[in-house]
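Take a look at the structure set out below.
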Amino acid sequence: MNKIDLDSHLSESLAAIEAARDLESLKTLDTELLGKNSATTSAKKNLGQLDPEERKVEGKRINEIRDQIQKKILGRKLVLAEEENSLQLENERLDLTELDLGHRLGHRHVITQTWERLEDLFVGMGYTVAEGPEIEDEWHNFGALNFPLSHPARDMYDTLYVDYGEPQSTLLRTHTSPVQMRVMESQEPPIYSIMPGRVFRSDTADATHMPVFHQIEALVVDRGITFADLAGTLDAFTSAYFGKDFVTRLRPSYFPFTEPSAEFDIRRPDGTWLELAGCGMVHPNVLKAGGLDPEEWSGFAFGFGLDRLALMRHGIDDLRELFRNDHRFLSQF
Ligand code: PHE
């Protein structure tokens, strides 16, 4: 290729690069203009036919041209990448005017609604609402609840430990039951309290599990409380929350902090049973750990998952949807 040809090759190349509309065609151009079949590559191959002086000048010239082509491709690449990026953003943009937000009020998250509904219901039954810390010590989460150290029952919970203090001394509470202890420590009976809150377990997220979820705990401590009070309270709660056509049952179970312990199920109008809560009579060791005399006081406790209630109530079949924070999904509830 002679000097004139190279010059026009350069200007044609630069124009072609400028005209490339997307990264894909730019890539094709890159191969065409700089690859092994490109004009400049074959010009280089022909350098051998020139005399040494000419070869030097011509070689330098070819390299400069390749440089310029390369720079132009790079510059164009940045521009196109930027364009494609903003095009993508534009495509994924939510048109908020379509949602007519100007005329619509926000509302509470479906979990918060469930939480508040439960609070209202129990407050209506004379209960107070208590809270405890999400980062707990081993004593409140396990020890005081009658889980002896290294007792296998501790493995019922996939505990997330916090790197603080002695190994395994600090954790993210695995259930709301430690708040039972906190309530007993801070007030005298009679106690009629519920304790809603966030709890943590090292579970992998799937349709029915999240590593962070919500429970609500209830604790009653008074004189002469019996298992019949527990059953009656669960019954009253069920018909108030779900409706009169829901039936309850208790099945024997095991928890270290209640004795006897039970699982509490409800029967839906379609005849299917749903396991809802763990419950039982507060274990004497737990009353003692809370500074109470089990000869004088007795009580019951129950605890259940709040998220599941929300799913059931709204016919949602994947728990993860609640936490994706997609406005279009959440605004339905
Ligand atoms: N804390 C128990 C759990 O998370 C539930 C429970 C609460 C059981 C109160 C009995 C009494 O599985």
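FYI, the numbering just counts along the sequence from 1. When a ligand or atom number is given, it counts from 1 through the structure's own listing order.
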### Centroid separation F122 to Y192 less than 6.0 Å
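Centroid separation for F122 and Y192: 6.0 Å or greater.
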### Message
For a quick check under 3.5 Å, do D235 and T238 share a side-chain donor-acceptor pair by atom type?
### Response
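Absent: no donor and acceptor within the cut-off.
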#### Entry: Near ligand 1, at a heavy-atom separation below 4.0 Å: residues by chain and residue number
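If the criterion is a heavy atom under 4.0 Å, then ligand 1 touches Y157, H175, S177, Q180, R201, Q215, E217, F255, F257, T258, G278, C279, A301, F302, G303.
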### Query
Considering residues at least two apart in sequence or located in another chain, which fulfil the side-chain hydrogen bond (donor to acceptor under 3.5 Å, both in side chains) criterion with T233?
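Counting only residues at least two positions away or on another chain, T233 forms no side-chain hydrogen bond (donor to acceptor under 3.5 Å, both in side chains).
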### T258: side-chain hydrogen bond (donor to acceptor under 3.5 Å, both in side chains) partners, not counting sequence neighbours
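With sequence neighbours excluded, T258 shows a side-chain hydrogen bond (donor to acceptor under 3.5 Å, both in side chains) to S261, given in chain and number order.
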### Query
Can K27 and E24 be counted as an ion pair, charged N to O under 4.0 angstrom?
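Looking at K27 and E24, the cut-off is not met.
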Report, one line per pair, each donor and acceptor closer than 3.5 Å where one atom sits in a side chain of residues 304-316; sequence neighbours left out.
| from | atom 1 | to | atom 2 | distance (Å) |
| --- | --- | --- | --- | --- |
| D307 | OD1 | H214 | N | 2.7 |
| D307 | OD2 | H214 | ND1 | 2.9 |
| R308 | NH1 | E275 | O | 2.7 |

